[in-house]
Number of protein chains: 2
Amino acid sequence: MGTVNIDNWVVQLRKGVLELCLVNLLANGEIYGYDVVKQLARVKGLVVTEGTVYPLLSRLRKAGLLTARLEESPSGPARKYYGLSSEGRQARVLMNACWGDLLKGIAELQKEREGNHG
Amino acid sequence: MGTVNIDNWVVQLRKGVLELCLVNLLANGEIYGYDVVKQLARVKGLVVTEGTVYPLLSRLRKAGLLTARLEESPSGPARKYYGLSSEGRQARVLMNACWGDLLKGIAELQKEREGNHG
DNA sequence: GGCAACTACCTTGCATTGCAAGGTACTATG
DNA sequence: CATAGTACCTTGCAATGCAAGGTAGTTGCC
């Protein structure tokens, strides 16, 4: 192997974090799927593609967290705008709280002994 | 559906975060698998079982990030102690750096508009 | 009209992986 | 022998990220 395979780890890390990012992105207002892809792709450490985002939007909409409506585009096919439902807004609050708890736990593990080896 | 299904989301969130927690736990020194289970289970927001931890330890050992050695127990079967290899220590540094980057990106998404709905 | 490029949506199929459940085995207690 | 605790591991299922491929509307070029 030679070098440490961080790439594969980062792939795994993104899992689960995506939904958190999505609901927080949508909390700023409705946006359409293709735009979600581009905006999330700009978050450092978070490389996403359409194959990830569209199924995720579908799942969360079916789960009742997102609303969706079609709107014609000035140029190109119609856009499907997604927004947070009231359930989605509740979920966002809970998710951010869970996230905060997890961060604390991880931070504790990270800080126990920074750079020694017994 | 009625209530927001946060449970399922938390399950997904844990994915990928586990390896980060593990390497930081091992950075404190060698511990054996059964003990890893108990210690990680105490991290808030991180409920893990043997079915999660043992395959993970195996994977990371095969990837060269962990060392393993058997040691007899004063009572019960032999324990397999795991520790970070030099690759594992390098990986830990990189992983913590990636984690920091991701946190920043997520924090930005979270803070854009905290609690309004206008 | 024909063709390529961009926007915008969605689905299929594969690989990974968390985890409940089940299995093996050692030690100690009764 | 039976039970309980420690300690390891594997099997099988469900979830999901993502590369790849597909459909369709608009624009611009020849």
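Chain A is the first sequence line, chain B the second, and so forth, proteins listed ahead of strands; every chain is numbered from 1. What you are looking at is a predicted structure, and each value in this text was computed from that prediction instead of being measured.
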Which whole-number value in Å describes the distance from [X] [atom1] to [N] [atom2]?
X: L57(A); N: dC18(D); atom1: CG; atom2: C1'; answer: 15 Å
X: L60(A); N: dC10(C); atom1: CG; atom2: P; answer: 13 Å
X: E71(A); N: dT7(C); atom1: CD; atom2: P; answer: 18 Å
X: L18(A); N: dT16(D); atom1: CG; atom2: P; answer: 11 Å
X: L22(A); N: dC18(D); atom1: CG; atom2: P; answer: 14 Å

Check whether any side-chain nitrogen or oxygen of [X] sits under 4.0 Å from OP1 or OP2 of [N], and answer yes or no.
X: Y32(A); N: dC9(C); value: no
X: R59(B); N: dG18(C); value: yes
X: R79(A); N: dC9(C); value: no
X: Y54(B); N: dC9(D); value: no

Requested in this report: Among T49(A), L56(A), L57(A), find the one that has a side-chain contact (heavy atoms from CB on, under 4.5 Å) with V53(A).
Outcome: L57(A)

Give me the atom names and distance for the closest heavy-atom approach of [X] to [Y].
X: S73(B); Y: G76(B); result: CB-O, 3.8 Å
X: G64(A); Y: S85(A); result: O-OG, 2.6 Å
X: Q39(B); Y: L25(B); result: OE1-CD1, 3.6 Å
X: G105(B); Y: V43(A); result: CA-CG1, 3.7 Å

Query raised in the report: Crowded around K38(A) NZ? As in, over 12 foreign heavy atoms under 6.0 Å?
Result: yes

Query raised in the report: More than 12 foreign heavy atoms under 6.0 Å from CD of E72(B): is that the case here?
Result: no

Query raised in the report: From dT17(C), dC9(C), dC9(D), pick the nucleotide closest to the side chain of K80(A)?
Result: dC9(C)

Report task. Select base, sugar-phosphate, or nothing to describe what L56(A) touches, counting heavy atoms under 4.0 Å on all strands. Result -> nothing

Report summary line: B/S/- along nucleotides 20-30 of chain C (protein heavy atoms under 4.0 Å) is BB---BBS---

